[in-house]
K.L.:
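For reference, the structure I am asking about is given below.
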Number of protein chains: 2
Amino acid sequence: MDPAVVGRRVRALREEQGISLSTLARLAGVGKATLSGLEHGTRNPTLETLWAVTAQLGVPFTALLAEPSAEPVVHGTAVTATLLEVFTDTDATYELYRMRVAPGVAQLSPAHAPGVTEHVTVFAGVLRAGPADAPLTAPAGGHLRWVSDVPHSYAAVGDEEVAASLLLRYPRR
Amino acid sequence: MDPAVVGRRVRALREEQGISLSTLARLAGVGKATLSGLEHGTRNPTLETLWAVTAQLGVPFTALLAEPSAEPVVHGTAVTATLLEVFTDTDATYELYRMRVAPGVAQLSPAHAPGVTEHVTVFAGVLRAGPADAPLTAPAGGHLRWVSDVPHSYAAVGDEEVAASLLLRYPRR
DNA sequence: CCCGACTGTTCCGTTTACGGAACGGAAGCG
DNA sequence: CGCTTCCGTTCCGTAAACGGAACAGTCGGG
């Protein structure tokens, strides 16, 4: 973790809200020098300082840190997915994603390792996904499941963006 | 944010791994005095210090912070659920939970509003859940769906704790 | 019993993050 | 053009977080 990364994010968040460094420092109860140094990455801020600043920005603290869950981890032509949680168990490892599929284009993903399965629950829109040679279709509220050790595709049916949760199951080898 | 909370969590994580304060301090490259004060909440740790310790513990940093959404929002006799995300759409509102069901006891939930459906994807263990008079069963990797406008139950089959993702769909009235 | 190896806490000198004040620069207004 | 009022950065004395060493307490072995 680079303190400069945190600093850039604080500055970005502050400017997003259209608030000046001086006023943010005053509202958060920290010195302007502290905030300036923090944003430049020239200081090594204290937990108390970070807390005061993030609280004033209305950000849940994790937004400052290079958190995997807020950044898209998969970003293809049609699919954008963000990792919500990883769960490891005696038999398998699970990755839970929040997924969005843009309309109009289809996306093809290469095969995963043998035994890997995918489970999708559709929030909104209509999703057509699964093995590339035999995709399945699910409307909002529906659920799809397939073994993803073959190339598989994702596509939105119609012109509405699809929102869904995607669970990837990696069996323990 | 209370520094004492962070301290307690670090201590808990360290003891979970069966590692001593001295060795963790050495591995993380921080002084024992620093780590001791951090765990007691008598210090106001630096970002650099927190980073070194969490990296050595293999924890994604956010695990230290009492993030509101990381706290269980449902906590019954058998079920503990934490809200991961809320998604509002033109037709319905969705709530995505991470759920754990303790073995040995069953939990009965009252009926939701008409039209509300629940979707469960089981990560680990075997789950028996659904309408109280006709529950369904799913093993790890399985998926359940039912209309939850009647009383419904959750129970772990066997003596293994169940981990699952729960999607609640509230149709727009 | 004594000793060595370990635990976690406390002491202490050095380093540094802190906030207040002073600073140069950029607008807005008479 | 002055004058005011912001902006963000830099200077600086103080408070405190830092790591190393010394400390008491607890095991386990000879």
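Throughout, protein chains are lettered first and strands after them, A, B, ... in sequence-line order, and every chain is numbered starting at 1. Atoms considered below: every heavy atom in the structure, side chains included; atoms not considered: hydrogens, waters and symmetry mates. Fair warning: this is a prediction, and the values are worked out from it, not measured in the lab.
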K.L.:
Report the distance from atom CG of A:Asn44 to atom P of D:dA16, rounded to the nearest whole Å.
P.N.:
17 Å
K.L.:
Considering residues, nucleotides and ligands other than B:Glu48, do more than 12 of their heavy atoms fall under 6.0 Å from its CD?
P.N.:
no
K.L.:
Minimum heavy-atom separation for A:Ala129 to A:Leu144, with atom names?
P.N.:
O-CD1, 4.0 Å
K.L.:
If you take all heavy atoms of A:Ala25 and A:Leu35, which pair is closest and at what distance?
P.N.:
N-CD2, 3.7 Å
K.L.:
May I ask you to verify if any side-chain N or O of B:Thr49 is less than 4.0 angstrom from the OP1 or OP2 atom of D:dC18?
P.N.:
yes
K.L.:
By the 4.0 Å heavy-atom rule, please label A:Ser22 as base, sugar-phosphate, or nothing.
P.N.:
base
K.L.:
OP1, OP2 of C:dA17 versus side-chain N and O of A:Thr46: anything below 4.0 Å?
P.N.:
no
K.L.:
Compute whether any side-chain donor of one residue and acceptor of the other, for B:Thr137 and B:Arg128, lie under 3.5 angstrom apart.
P.N.:
yes
K.L.:
Strictly by modelled atom types, are B:Thr49 and B:Thr46 linked by a side-chain donor-acceptor pair under 3.5 Å?
P.N.:
no
K.L.:
Nearest-Å distance, CD (B:Glu48) to P (C:dC18)?
P.N.:
13 Å
K.L.:
What's the NZ-P distance between B:Lys32 and C:dC12, to the nearest Å?
P.N.:
17 Å
K.L.:
To the nearest Å, how far apart are A:Leu21 CG and C:dG25 C1'?
P.N.:
15 Å
K.L.:
Counting any heavy atom closer than 4.0 Å, what does A:Arg14 reach on the DNA or RNA strands: base, sugar-phosphate only, or nothing?
P.N.:
sugar-phosphate
K.L.:
Using whole Å, report how far CG of A:Leu38 lies from P of C:dA17.
P.N.:
11 Å
K.L.:
Within the pair A:Arg43 and C:dC18, is there a side-chain N or O less than 4.0 Å away from OP1 or OP2?
P.N.:
yes
K.L.:
Identify, between B:Glu15 and A:Thr42, the residue whose nearest nucleotide on DNA chain C lies closer to the 5' end.
P.N.:
B:Glu15
K.L.:
Taking atom P of D:dG20 as reference, at what distance in whole Å does atom CG of B:Leu35 sit?
P.N.:
13 Å
K.L.:
Verify the contact: side-chain N or O of A:Ser20 to OP1 or OP2 of D:dG8, cut-off strictly under 4.0 Å; return yes or no.
P.N.:
yes
K.L.:
Base, sugar-phosphate or nothing for A:Arg26? Non-hydrogen atoms, less than 4.0 Å.
P.N.:
nothing
K.L.:
Contact class for A:Thr34 (heavy atom, under 4.0 Å): base, sugar-phosphate, or nothing?
P.N.:
base
K.L.:
Rounded to whole angstrom units, what separation is found between the CD1 atom of B:Ile19 and the C1' atom of C:dC6?
P.N.:
14 Å
K.L.:
In whole Å, what is the span from the CG atom of A:Leu24 to the C1' atom of C:dG19?
P.N.:
15 Å
